[in-house]
There are 2 protein chains.
Amino acid sequence: MKKDSAVELSGVKEIARRANVSIGTVDRVIHNRSGVSEKTKQIIQDIIKELDYQPNIMARRLASNKVLNFAVLIPAVSDETEFWAAPLNGIEQAENEIRQYGIKVEKYYFDLNDKQSFVNLTKQILKTAIDGVLLAPSFIDESLAFTKQCDQLKIPYVLINSDLPKQDSLCYIGPELFHSGYLSAHLANYAIKDNGKVLIINISREIDNHHHLLRKEEGFRAYFDDHDKKLTIVKDDIRQTDYASVASSLKELLKAHTDAEAIFVTNSRVVSVARYLQESDHQKVLLIGYDYLKDNLAYLKDGLIDFLICQKPQEQGYKGIMALYQNLVLKVDVEKNYFMPIDIITKENYQFYRN
Amino acid sequence: MKKDSAVELSGVKEIARRANVSIGTVDRVIHNRSGVSEKTKQIIQDIIKELDYQPNIMARRLASNKVLNFAVLIPAVSDETEFWAAPLNGIEQAENEIRQYGIKVEKYYFDLNDKQSFVNLTKQILKTAIDGVLLAPSFIDESLAFTKQCDQLKIPYVLINSDLPKQDSLCYIGPELFHSGYLSAHLANYAIKDNGKVLIINISREIDNHHHLLRKEEGFRAYFDDHDKKLTIVKDDIRQTDYASVASSLKELLKAHTDAEAIFVTNSRVVSVARYLQESDHQKVLLIGYDYLKDNLAYLKDGLIDFLICQKPQEQGYKGIMALYQNLVLKVDVEKNYFMPIDIITKENYQFYRN
DNA sequence: CTGAAAGCGCTTACAG
DNA sequence: CTGAAAGCGCTTACAG
């Protein structure tokens, strides 16, 4: 009723007409299903190429009433791991956008302090029928075991926030850590005189497991090497993360180095340093740390923290889900490595920041 | 064949069944079309609410074979206005994503140096049948005349990159200029000693028309006021934008102020300042300017420019089209003011920057 | 190996 | 004011 015959057709119908076959057969070759003679297959493929046929995704999703299941495995959000609220947020945003297209997202939260919880969840996930996985590979060996199984089952997976060495992931979406340290050094450098002094502080119970902290430190140091800057770098590892312990470590450290002009904290625990500086009424020193978290922002506003480095945690979650969607539904290629921008947050721009 | 009767229905069919009407009638009340008795309308609306019915957008777009036409009116890209390549890029990206859903985007490019070209294009646009407009309102009065007509025709429009005073736009997507100047001052401040000196340089043929440059300047000055910083601020307006003219202006300026520790250039012409500093072999001075442009990046890499402020021009274009799409197709509300983040680009992070 | 038919969840004329 | 039917561009059994 709508189309008069003068209107040019397109889509499977037109292909079928030209090839003198039914649309069912066209569908078969489009999806590379078996049961088509080589000859008709060739004819149809030629026509598809000639017409530059683009399937209508909406119609496809509508007709194939299939739902796709994505599993998400990320750390649970807690006071200590507030960071993970942001990726989760992005994941849920993506979920809302593509629910329309028949995507279901099942979320699994592991305890960052409990390897076993991670392992248990991977087992649970593998028991269900899933089409794709979004993974934060916090525990390296355990993650490798999991991704290996995904490989075998031909389930694509996306890594966020930290990478796994040479895995066959669909893609990695997250920071390039070395450069964030390098950038921090540039910023710190504005406050450091020649022959001045800077402190690097790692605050983590698992400094040795958490190689990502070390990558930032390397980047930080590299900057000064590259620029032949003469300065003293003092590094301190603090392995007790409760505030009281951190404070007492800092007390000693700062007493020994009253001349430090800048402090670089390699993660979001910069908040403890800021708090200590405030409470001890320490003289102003340039302070750089990580992550757009509520407590950090408070000290940023107060001027105790000068710069926060942030790498769009929410977008990591969002992009992660969308990468699966693009690959599985739209059948398009996705970038193998999507490095997040290294954002500099200050008192003046934090209110406009978008995670 | 697919659904056995045990399966719960949903959608218009189920609503129709419950209301004891046909799906045609349900469709009428969903779209608020006339020709339904108050009584059945009420019944149907109640059921919709009860079921929390969410229409299937895919099915809707597929069935209603209607195309929506968006018009885009932005400056043409030229050597002088390379900036606009980025928004255009974002617009085209959005276009590709929503073409599927029957959206057509028609682009109109005006000459930033020619008001009349802008006016002519607005006339041309209004002659065609359009459902939404994306506008860069570079010429204020002319833009106001255009948006007024859009209001009358009930055509929603989105503003990008600069705003119009109290207009009934669907939304504004772009920078908040005052704060970008304010932030620049914070960065500059690291290089400025007490009682030091900083230069503000406006380079534009139309400084007075381009109030946005002045907003940045205000923000820049405000920072020092707010922080009771004692310093000398020297401001220079350069109205000849070719390099030779800028260079001769700078020569005088820098001779008179050899003690300047920082320079703030209120737009992307920071490139000319960087070039002059390099060519004249001027001593190192902290230089801040605007925009992620090829030439700027070259000087950033060389260390002549310290910071570039950038506000995601590509995303402005992308979000602008998507705002129209969300409003017109998905019928969801969009944020009235979407201020872009104020990004700080340095030598160390530019390679990870996403426009 | 191939085709005809029903269906996905909507919208659009048309008829009454 | 309302309903029945055709159609959007695909996919999915089923039949042969």
Side-chain angles (χ1 to χ4, degrees), chain A residues 1-5 7-45 48 51 53-68 99-103 329-331, chain B residues 1-5 7-45 48 51 53-68 99-103 329-331:
Chain A
M1 202 112 300
K2 282 200 209 133
K3 304 233 170 212
D4 53 338
S5 53
V7 168
E8 56 188 281
L9 291 178
S10 65
V12 284
K13 239 182 215 164
E14 172 65 3
I15 298 171
R17 195 186 62 75
R18 294 200 189 199
N20 236 307
V21 297
S22 74
I23 58 171
T25 301
V26 172
D27 194 64
R28 282 181 194 100
V29 351
I30 285 174
H31 293 285
N32 245 311
R33 276 192 278 271
S34 59
V36 185
S37 74
E38 261 312 313
K39 199 178 140 208
T40 54
K41 185 173 176 182
Q42 197 52 56
I43 294 175
I44 292 174
Q45 283 177 332
I48 287 178
L51 259 43
Y53 166 69
Q54 304 293 353
N56 182 319
I57 306 291
M58 294 186 302
R60 180 178 280 180
R61 294 298 308 164
L62 190 61
S64 111
N65 230 349
K66 195 168 31 173
V67 320
L68 288 179
R99 192 197 321 279
Q100 289 280 355
Y101 310 117
I103 313 290
V329 177
L330 306 185
K331 314 278 188 198
Chain B
M1 201 113 296
K2 283 197 208 136
K3 304 234 168 209
D4 53 338
S5 52
V7 167
E8 57 187 281
L9 291 178
S10 63
V12 284
K13 241 182 215 162
E14 173 64 3
I15 298 170
R17 195 186 62 76
R18 294 201 189 197
N20 236 306
V21 296
S22 74
I23 57 171
T25 302
V26 172
D27 194 64
R28 283 181 193 100
V29 351
I30 286 175
H31 292 287
N32 245 311
R33 276 192 278 271
S34 60
V36 185
S37 75
E38 262 312 314
K39 199 178 141 206
T40 53
K41 185 174 174 180
Q42 196 53 56
I43 295 175
I44 292 174
Q45 283 178 332
I48 287 179
L51 258 44
Y53 166 69
Q54 304 291 354
N56 183 317
I57 306 290
M58 294 187 301
R60 179 178 281 181
R61 295 296 309 162
L62 190 61
S64 110
N65 231 348
K66 193 170 30 173
V67 320
L68 288 178
R99 192 197 321 279
Q100 289 280 352
Y101 310 118
I103 313 291
V329 178
L330 307 183
K331 314 276 187 200

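Order of the sequence lines sets the chain letters (A, B, ...), proteins ahead of strands, with each chain counted from 1.
Two residues are said to be in side-chain contact when any heavy atoms from C-beta on lie closer than 4.5 Å; Lys331(B) and Ile57(B) fail this criterion. In this structure, the side chains of Ile30(B) and Arg60(B) come closer than 4.5 Å at one or more pairs of heavy atoms. Residues Asn32(A) and Lys41(A) form a side-chain contact, since some pair of their non-hydrogen atoms from C-beta on lies under 4.5 Å apart. A heavy-atom distance below 4.5 Å is found between the side chains of Arg61(A) and Leu68(A). Side-chain contact between Val21(B) and Ile43(B) is absent, with no heavy atoms from C-beta onward closer than 4.5 Å.
Distance CG/Leu62(A) to CD/Gln100(A): 11.0 Å, rounded to 0.5 Å. Glu14(B) contributes atom CD, which lies 13.0 Å from atom CD1 of Ile23(B) (distance to the nearest 0.5 angstrom). In this structure, the separation between CE on Met58(A) and CG on Asn56(B) is 10.0 Å, given to the nearest 0.5 Å.
Remark: the Arg61(A) side chain and the dG9(C) base include no donor-acceptor N/O pair separated by less than 3.5 Å.
The nucleotide whose nearest atom lies closest to any side-chain atom of Val12(A) is, among dC10(D), dT12(D), dG3(D), dC10(D). For Val36(B), whose side chain is taken as the heavy atoms from C-beta onward, the closest listed nucleotide among dC8(D), dT2(D), dG3(C) is dT2(D). The side chain of Ser22(B) lies closest to dG3(D), out of dG3(D), dC10(D), dG3(C). For Ala63(B), the side-chain atoms get nearest to dC10(C) when compared with the rest of dG9(D), dG3(C), dC10(C). Relative to the side chain of Arg33(B), the nucleotides dT12(C), dC10(C), dG3(C) differ in distance, and dT12(C) lies closest. Among the nucleotides dG3(C), dG9(D), dC10(C), the one closest to any side-chain atom of Ala59(A) is dG9(D).
Judged by closest nucleotide on DNA chain D, Ile23(B) is the one of Ile23(B) and Arg28(A) placed further toward the 5' end.
With rounding to whole Å, Gln100(B) atom CD is found 17 Å from dC8(D) atom P. The distance from atom NZ of Lys41(A) to atom P of dT2(C) is 12 Å, rounded to the nearest whole Å. Look at NZ on Lys66(B): it is 16 Å from P on dC10(C), rounded to the nearest Å. Whole-Å rounding puts the Asn65(A) CG to dA13(D) P distance at 10 Å. For the pair Arg60(A) CZ and dC10(D) P, the computed distance is 8 Å after rounding to whole Å. One can place CD1 of Ile44(B) at 14 Å from P of dC10(C), the figure rounded to the nearest angstrom. For the pair Met58(B) CE and dG7(D) C1', the computed distance is 17 Å after rounding to whole Å. As rounded to whole Å, 15 Å separates atom P of dG3(C) from atom CZ of Arg17(A).
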Worksheet item: Using Watson-Crick and G-U wobble pairs whose two distances are both under 3.5 Å, how do you write the pairing of DNA chain D as dot-bracket, with | for links to another strand?
Response: |||.||||||||.|||
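When heavy atoms are screened at a 4.0 angstrom cut-off, Thr40(A) is found touching the sugar-phosphate backbone but no base atom.
Contact between the side-chain N/O atoms of Ser37(B) and the OP1/OP2 oxygens of dC1(D) is not found at any separation under 4.0 Å. Residue Tyr53(B) places at least one side-chain N or O under 4.0 Å from the OP1 or OP2 atom of dC10(C). Applying the 4.0 Å criterion to OP1 and OP2 of dC8(D), one finds that Lys13(A) has a side-chain N or O inside that range.
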